[in-house]
Amino acid sequence: ETSELAVGRALKGNDRERLVVSTKIPSTKDNANDPDLWWSRFEESMRRLDTPYIDILYLHGLSWQEFTEHASKPDGALASARKAQSQGLVRHISFSSHDQPQNVIRLLDTGEFAGVLVQYSMITRDYEPVINRAAELGMGTACMGSLAVGKLAAPRTYLIKDEEGWLSIPSQEMALRFLWNNPNLTVALSGMRTVQDIDDNVQATSFATGLADPYNQRVQNYVLEKWGQSDKYCTLCGKCMPCPQEVNIPENFRYRNWQLTWGLEKEAQEAYALFGKPHWVPWSGMVAGQNAGACNQCGECLARCPYEIPIIQQLEETASALATTQEEATSSTK
């Protein structure tokens, strides 16, 4: 809601024909089977954006099962989107998906869509075949999670050395320029919470090109080496929340990631020490909640985690590694 309102305000005073505006409508079962509900949500998006048409409308979170059982039916979301398109309210119909890559390719091959949005980054490349197949079909391709949901974002610039010399590159720029090396990718999305995030992205786009060899492969090797054993590291998706003890699980794990993968011991401990009262930080904006030491091992988060991360164990490890006082380190074993 707030994003659409913000974009709508930003559109004012600009040449609409020079801009490409996209938004999304959920494709879940209730929404996909109810044309009236779908249209009410669509009209609300149009009102917030305050625009006469949408350039790209995404059927959001579409899976093959949702498509075959609901969205593709006569009263389904796709029919509603086609109606909006026929009225000139939508120019292109696309979809986003977290389904298995082979199922997303099946959606591409239906020929119903103009584009696709999937997760893709230097270290999350499961959907690379999807992007390549979409390009073969002449479709637009966009990716979310360009920074691997925060994994590739760290407050530092990297110095990478090989036989050609040294390369100095900020972490955010490093992640984005990897994506620009893929000619099949049309748009790389990068979430921005702060003005500094905007400045970093603008600085990165001043290159608007991928890294040239030999640095391209050297950077990939460097990052994959750092993250090669990190399958059970938190992706900061936040689905484990809320915590009954008000532990800010994703933000605790962000700092643990800094320490484990980038060697930012001092920075991680300083950030961890700020827990306990709401505070503002450049990388996340406003942060509230408790540190890892407040966990009482209730286990509610374990059932919510889609990646089956051993959250309780890793919270104990985080408290032990980042606490600077015994009080901070006290965990559920007390």
Side-chain angles (χ1 to χ4, degrees), residues 121-124 145-158 170-172 174-175 191 193-194 197 222-334:
S121 76
M122 187 182 297
I123 59 172
T124 52
S146 299
L147 302 182
V149 203
K151 282 186 176 183
L152 295 176
R156 67 171 293 178
T157 295
Y158 301 102
S171 59
Q172 197 153 319
M174 177 173 67
R193 293 173 179 264
T194 67
D197 288 338
Y222 174 82
V223 173
L224 291 174
E225 178 184 347
K226 290 287 185 182
W227 284 99
Q229 304 301 319
S230 65
D231 290 345
K232 291 299 183 182
Y233 286 4
C234 178
T235 67
L236 313 181
C237 72
K239 292 180 180 178
C240 57
M241 299 292 286
C243 168
Q245 305 306 313
E246 299 185 353
V247 176
N248 189 329
I249 299 171
E251 202 68 14
N252 273 273
F253 285 163
R254 181 193 302 277
Y255 307 142
R256 180 61 165 155
N257 287 348
W258 284 5
Q259 180 198 39
L260 288 172
T261 59
W262 305 122
L264 299 174
E265 184 92 23
K266 180 174 180 289
E267 293 86 344
Q269 289 184 338
E270 289 176 348
Y272 183 86
L274 296 175
F275 281 117
K277 61 181 179 179
H279 58 280
W280 187 91
V281 291
W283 49 85
S284 299
M286 287 301 300
V287 174
Q290 302 300 318
N291 65 32
C295 172
N296 71 348
Q297 298 188 353
C298 71
E300 287 193 17
C301 56
L302 298 177
R304 300 192 192 110
C305 179
Y307 305 102
E308 300 181 353
I309 293 171
I311 295 176
I312 293 175
Q313 174 188 332
Q314 291 194 10
L315 284 174
E316 290 181 340
E317 293 171 355
T318 298
S320 176
L322 300 184
T324 56
T325 69
Q326 183 59 42
E327 180 180 356
E328 292 174 352
T330 301
S331 70
S332 58
T333 56
K334 64 185 178 181

Here the gap from I249 atom CD1 to C240 atom SG, rounded to the nearest 0.5 Å, amounts to 4.0 Å
Supply the atom-to-atom distance E317 CD to F253 CZ, rounded to the nearest 0.5 angstrom.
-> 8.5 Å
Over all atoms of both residues, closest heavy-atom pair of Q259 and A268 | CB-CB, 4.2 Å
Using a 4.5 Å cut-off on heavy atoms from C-beta on, say whether the side chain of N252 contacts that of V247.
-> yes
Reported CZ-to-CD distance for the pair R256 and E251, which is rounded to 0.5 angstrom = 15.5 Å
Determine the sole option in W258, F275, Y255 for which the side chain to side chain contact (heavy atoms under 4.5 Å, CB included) test with L322 is passed.
-> Y255
From Q313 CD over to C295 SG, what is the distance, rounded to the nearest 0.5 angstrom?
-> 12.0 Å
Is there a donor-acceptor contact under 3.5 Å from the side chain of R304 to the main chain of P242?
-> yes
For A175 and M122 the tightest heavy-atom approach is CA-CE, 4.4 Å
Calculate, to the nearest 0.5 Å, the distance between atoms CD1 and SG belonging to I312 and C298 respectively.
-> 7.0 Å
Are the side chain of N291 and the backbone N or O of T318 linked by a donor-acceptor pair below 3.5 Å?
-> no
Residues C305 and I311: closest non-hydrogen pair is CB-CD1, 3.9 Å
From CD1 (I309) to SG (C301), nearest 0.5 Å | 10.0 Å
Crowding at CD, E270 (>12 non-hydrogen neighbours, <6.0 Å) = yes
Shortest non-hydrogen contact from S121 toward S146 = CB-O, 3.5 Å
Could you give me the CA-CA distance, side-chain angles and deciding distance for Q245 and Q290, then say whether side chain to side chain contact (heavy atoms under 4.5 Å, CB included) is met?
-> CA-CA 8 Å; Q245 305 306 313; Q290 302 300 318; over 6 Å; no
Nearest heavy-atom pair of Q269 and A321: which atoms, and what distance?
-> NE2-O, 3.6 Å
